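This report concerns only the one structure given below.
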Amino acid sequence: MEHFYDAVVVGAGHAGCEAALALARLSMNTVLFTVSVDSIALMPCNPNIGGTSKGHLVREIDALGGEMGKNIDRTFIQSKMLNQSKGPAVHSLRAQADKNAYTLSMRKILEETENLVVRQGEVTELIVEEGRITGVKTYTDTVYHCQVCVLCTGTYLNARCITGNVSVSTGPNGLQPANHLTDSLRKIGIDIRRFKTGTPARIDGSTIDYTKMEPQYGDERIVPFSFTNTAEDLEREQVRCWLTYTNEETHEIIRKNLDRSPLYSGYIKGTGPRYCPSIEDKVVRFSDKNRHQVFIEPEGLYTNEMYIGGMSSSLPEDVQEKMYRSVPGLEHAKIVRNAYAIEYDCINSLELLPTLELKKVKGLYSAGQANGSSGYEEAAAQGLIAGINAARKIQDKEPLIIDRSQGYIGVLIDDLVTKGTNEPYRMMTSRAEYRLLLRQDNADERLTELGHEVGLISEDRYQHFQKKLSLIQKEIERVKNTYVGNNEKVQQLLKENNSTLLNSGIALAELIKRPELSYEILGGIDSDRPVLPEEVREEVNINLKYEGYIKRQMKQVEQFHRLEKKKIPADIDYSDIKSLRLEAIQKLTDIQPESVGQAARISGVSPSDISVLLIYLEQFYSGK
């Protein structure tokens with residue numbers, strides 16, 4: 001049997017959902033495959049969206065026209081802005097989700113989207129002809145012809161879940177693994193890696209003593225993930241989370257049983273995430289710490305299951321029971337689901353172009369944990385970009401590439417395709433060199449224009465965005481040109497906020513730059529201030545307060561763009577360039593960077609190699 005589609009998406013996790021929605025919304029006739037329709041947008045690990053740096057990704061996804069931000073706004077049960085005591089560059093939104101509601105809500109969106117068919121079934125083979133994807137074959141030998149295909153296989157390829165010395169061939173949450181597609185990838189020459197991740201136990205909430213734990217509350221005023229929502233839209237009763245700690249007894253139980261840990265016995269072969277270690281890894285690596293944080297988080301409103309954040313493990317079941325029960329508040333805890341590690345196949349991300357198309361197969365794209373990343377948000381971001389670029393491939397349009405100065409999405413993808421990764425990649429604010437420009441609050445200012453050009457942002461939403469921009473710009477100009485003197489009212493406000501008193505008149509904009517003052521605080525002496533939405537007021541305050549730093553970073557971006565604009569010919573033979581070191585020749589040949597800027601970010605390519613490359617390119621282009 002044969003079917004014909006414009007696009008096939010393999011996998012309906014967070015990457016697959018975004019890829020399929022982008023393709024369908026851009027008028028591509030699309031089929032989305034999943035091993036189980038009950039696992040659409042599944043959260044097999046932590047029951048939340050966002051967090052440090054990840055919140056930035058979700059807001060960027062929304063600014064481009066993706067769905068994740070809207071879906072978590074519909075289904076969150078607690079919301080909190082993290083790092084508020086620090087500068088705005090690292091403010092990150094995090095929301096606790098009702099896992100079941102999140103899945104059902106996303107499934108409903110997929111099923112109601114025009115041009116999109118959801119199909120339960122396992123894709124076992126890629127059909128490649130003359131270096132181009134032409135279709136896929138399922139386990140039932142049915143062929144689905146397509147012009148483009150996006151692989152979003154998550155942690156399902158040859159997956160096995162491990163608890164102690166027990167290994168089961170299964171995907172996350174006991175779902176069916178995909179045991180055939182890896183062979184098909186290898187046949188077309190794709191380099192395969194073996195990675196590992198893990199998840200903690202789920203515990204029956206009725207067996208937890210919360211009096212021994214610290215309650216963790218959500219914010220009173222909700223900041224939406226989606227720019228289409230307001231705080232008023234999202235008002236609802238929020239649940240509590242809880243904080244407790246491991247102790248020396250916990251650590252001793254773990255140390256005594258390290259020989260039974262598959263992580264240390266060599267039973268686990270895959271490489272795990274350095275920045276999200278298991279509890280046994282924490283105890284070994286941070287032996288000087290006498291306790292570690294443990295967050296107790298509800299899995300949803302209609303279940304007693306509680307997620308034990310910070311205690312992922314692959315220790316045997318009997319050890320897990322002792323270990324969890326040594327934690328204050330969990331003395332009588334009953335485990336609903338054991339903690340486990342999961343090993344899976346993924347591709348070497350250096351096989352990818354910046355568009356997320358595989359270099360060896362035209363029309364074949366890959367996104368999410370299939371590329372060696374970790375996290376729902378990283379997956380969704382890649383899925384959206386892969387879906388957009390797959391659609392634009394069919395449309396014969398220029399691909400969408402977000403660079404490192406435009407978004408965390410650009411940092412994420414550039415790191416994967418330029419530097420590669422030897423462990424599950426996790427997004428962090430420290431990876432973004434222009435993070436003062438890439439704040440979560442201004443994601444729409446950076447990316448909504450692109451989303452509109454691509455076709456995923458409606459005209460109504462775009463006009464609303466333009467109005468917001470206009471309000472921000474007008475208010476910044478007004479504040480810069482509004483002066484106050486050293487009258488009693490002004491001096492009193494300054495005194496109340498421990499700010500230096502005035503000797504003469506000063507612009508409000510200059511007062512805002514003082515660390516102890518802000519746009520909001522100065523409202524009492526700004527009689528002409530218009531009534532503005534909170535999001536506009538926030539942008540005015542940040543842009544004025546950090547104006548000098550922002551200008552400095554903009555100059556760095558200009559320098560970055562100069563190197564990005566120096567394109568490298570696709571047919572260049574690096575071995576012909578004299579004075580290039582052998583390591584640089586090998587790395588440049590393998591990765592085939594598209595610009596000098598990208599070449600400069602390759603591990604093993606030195607500044608002197610870049611100087612040699614620049615001289616060569618100057619001679620190359622002048623000779624044409």
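In this text the structure is predicted, and so the values were computed from the model without any measurement.
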Output for pair (Ile254 CD1, Asp281 CG), nearest 0.5 Å, gives 10.5 Å
With a 3.5 Å cut-off and no angle check, do the side chains of Gln369 and Thr155 form a donor-acceptor pair? no
Start with the C-alpha distance between Asp345 and Arg194, add both sets of side-chain angles, then the distance that settles salt bridge (charged side-chain N to carboxylate O under 4.0 Å, His left out), and finish with yes or no. CA-CA 5 Å; Asp345 293 339; Arg194 189 77 171 161; 2.9 Å; yes
Has the side chain of Arg537 got a donor or acceptor atom that lies under 3.5 Å from a matching backbone atom of Leu532? yes
Does atom NZ of Lys334 have more than 12 heavy-atom neighbours from other groups under 6.0 Å away? no
Correct closest heavy-atom pair for Leu93 and Val223 would be CD2-O, 3.1 Å
Distance check, rounded to the nearest 0.5 Å: Glu214 atom CD versus Phe295 atom CZ? 9.0 Å
Return the minimal non-hydrogen interatomic distance between Ser366 and Ala386, and the atom names on each side. O-CB, 4.4 Å
Considering residues, nucleotides and ligands other than Tyr549, do more than 12 of their heavy atoms fall under 6.0 Å from its OH? no
Will you find, in the side chains of Asp62 and Ser226, an N or O donor that is under 3.5 Å from an N or O acceptor? yes
Please say whether more than 12 non-hydrogen atoms of neighbouring residues, nucleotides or ligands are located less than 6.0 Å from CZ in Arg119. no
Does Arg160 reach the main-chain N or O of Ser167 with its side chain, forming a donor-acceptor pair under 3.5 Å? no
Pairing donors with acceptors under 3.5 angstrom, does anything connect the side chains of Ser105 and Asn71? yes
Rounded to the nearest 0.5 Å, what separation is found between the CD1 atom of Ile109 and the CD1 atom of Ile40? 12.0 Å
Could you walk me through whether Ile296 and Arg240 satisfy the side chain to side chain contact (heavy atoms under 4.5 Å, CB included) test, starting with their C-alpha distance in whole Å, then the side-chain angles of each, then the deciding distance to 0.1 Å, before giving a yes or no? CA-CA 9 Å; Ile296 312 298; Arg240 278 179 293 183; over 6 Å; no
Whether His14 and Tyr376 hold their rings parallel, tilted or perpendicular, with breakpoints at 30° and 60°: tilted
Can you give me the closest heavy-atom contact between Met311 and Ile279, atom names plus distance? CA-CB, 4.0 Å
Would you say Glu317 has more than 12 foreign heavy atoms packed within less than 6.0 Å of its CD? no
Output, in order, the C-alpha distance, side-chain angles, deciding distance and verdict of salt bridge (charged side-chain N to carboxylate O under 4.0 Å, His left out) for Glu331 and Lys212. CA-CA 10 Å; Glu331 292 88 348; Lys212 296 181 179 180; 3.2 Å; yes
Checking side chain to side chain contact (heavy atoms under 4.5 Å, CB included) for the pair Ile162/Ile342: CA distance, chi angles, key distance, verdict? CA-CA 6 Å; Ile162 304 157; Ile342 182 167; over 6 Å; no
To the nearest 0.5 Å, tell me how far Thr207 OG1 sits from Met306 CE. 10.0 Å
Distance alone, cut at 3.5 Å: any donor-acceptor contact between the side chains of Ser313 and Glu280? yes
For Asp98 and Leu301, indicate whether the former's side chain and the latter's backbone hold a donor-acceptor pair under 3.5 Å. yes
Show the nearest heavy-atom pair for residues Asn371 and Gln382, with the distance to one decimal. ND2-OE1, 2.9 Å
Would you find a donor on one side and an acceptor on the other, under 3.5 Å apart, between the side chain of Glu378 and the backbone of Met427? yes
Any donor-acceptor pair under 3.5 Å linking the side chain of Lys80 with the backbone of Ala95? no
Looking only at heavy atoms, what is the nearest atom pair of Leu21 and Glu67, with distance? CD1-CB, 3.7 Å
Will you find, in the side chains of Ser79 and Asp219, an N or O donor that is under 3.5 Å from an N or O acceptor? no
Hey, does the Lys NZ or Arg CZ of Arg236 hover above the aromatic six-ring of Phe76, less than 6.0 Å from the centre and inside 45° of the axis? yes
Separation between CZ of Phe195 and CD1 of Ile347, rounded to the nearest 0.5 Å: 11.0 Å
Can you see whether Tyr434 has Arg404 sitting over its ring - NZ or CZ less than 6.0 Å from the centre and within 45° of the normal? no
Between Arg446 and Gln406, is there a side-chain heavy-atom distance shorter than 4.5 Å? no
Check: Asn247/Thr250 side-chain N/O donor and acceptor closer than 3.5 Å: yes
Axial cation check for Tyr425 ring with Arg431, 6.0 Å and 45° limits: yes
Can you list the steps and then say if Lys99 with Glu305 is a salt bridge (charged side-chain N to carboxylate O under 4.0 Å, His left out)? CA-CA 11 Å; Lys99 292 173 80 160; Glu305 281 189 75; over 6 Å; no
Going by the rule side chain to side chain contact (heavy atoms under 4.5 Å, CB included), which residues pair with Arg255 if we only count those two or more places apart in sequence or in a different chain? Glu248, His251, Glu252, Val283
Find the distance between CG (Asn257) and CE (Met323) and round it off to the nearest 0.5 Å. 10.0 Å
Got a sec, which residues hit side chain to side chain contact (heavy atoms under 4.5 Å, CB included) with Thr199, two or more places apart in sequence or on another chain? Cys45, Arg202, Tyr307, Tyr340
So does Leu412 get a backbone contact from the side chain of Asp415, meaning a donor-acceptor N/O pair under 3.5 Å? no
Is Glu297 reaching over with its side chain to a backbone N or O of Asn48, donor-acceptor style, under 3.5 angstrom? no
Do the side-chain N and O atoms of Ser206 and Asp204 include a donor-acceptor pair separated by under 3.5 angstrom? yes
Are more than 12 heavy atoms from other residues, nucleotides or ligands located less than 6.0 Å from atom NZ of Lys322? no
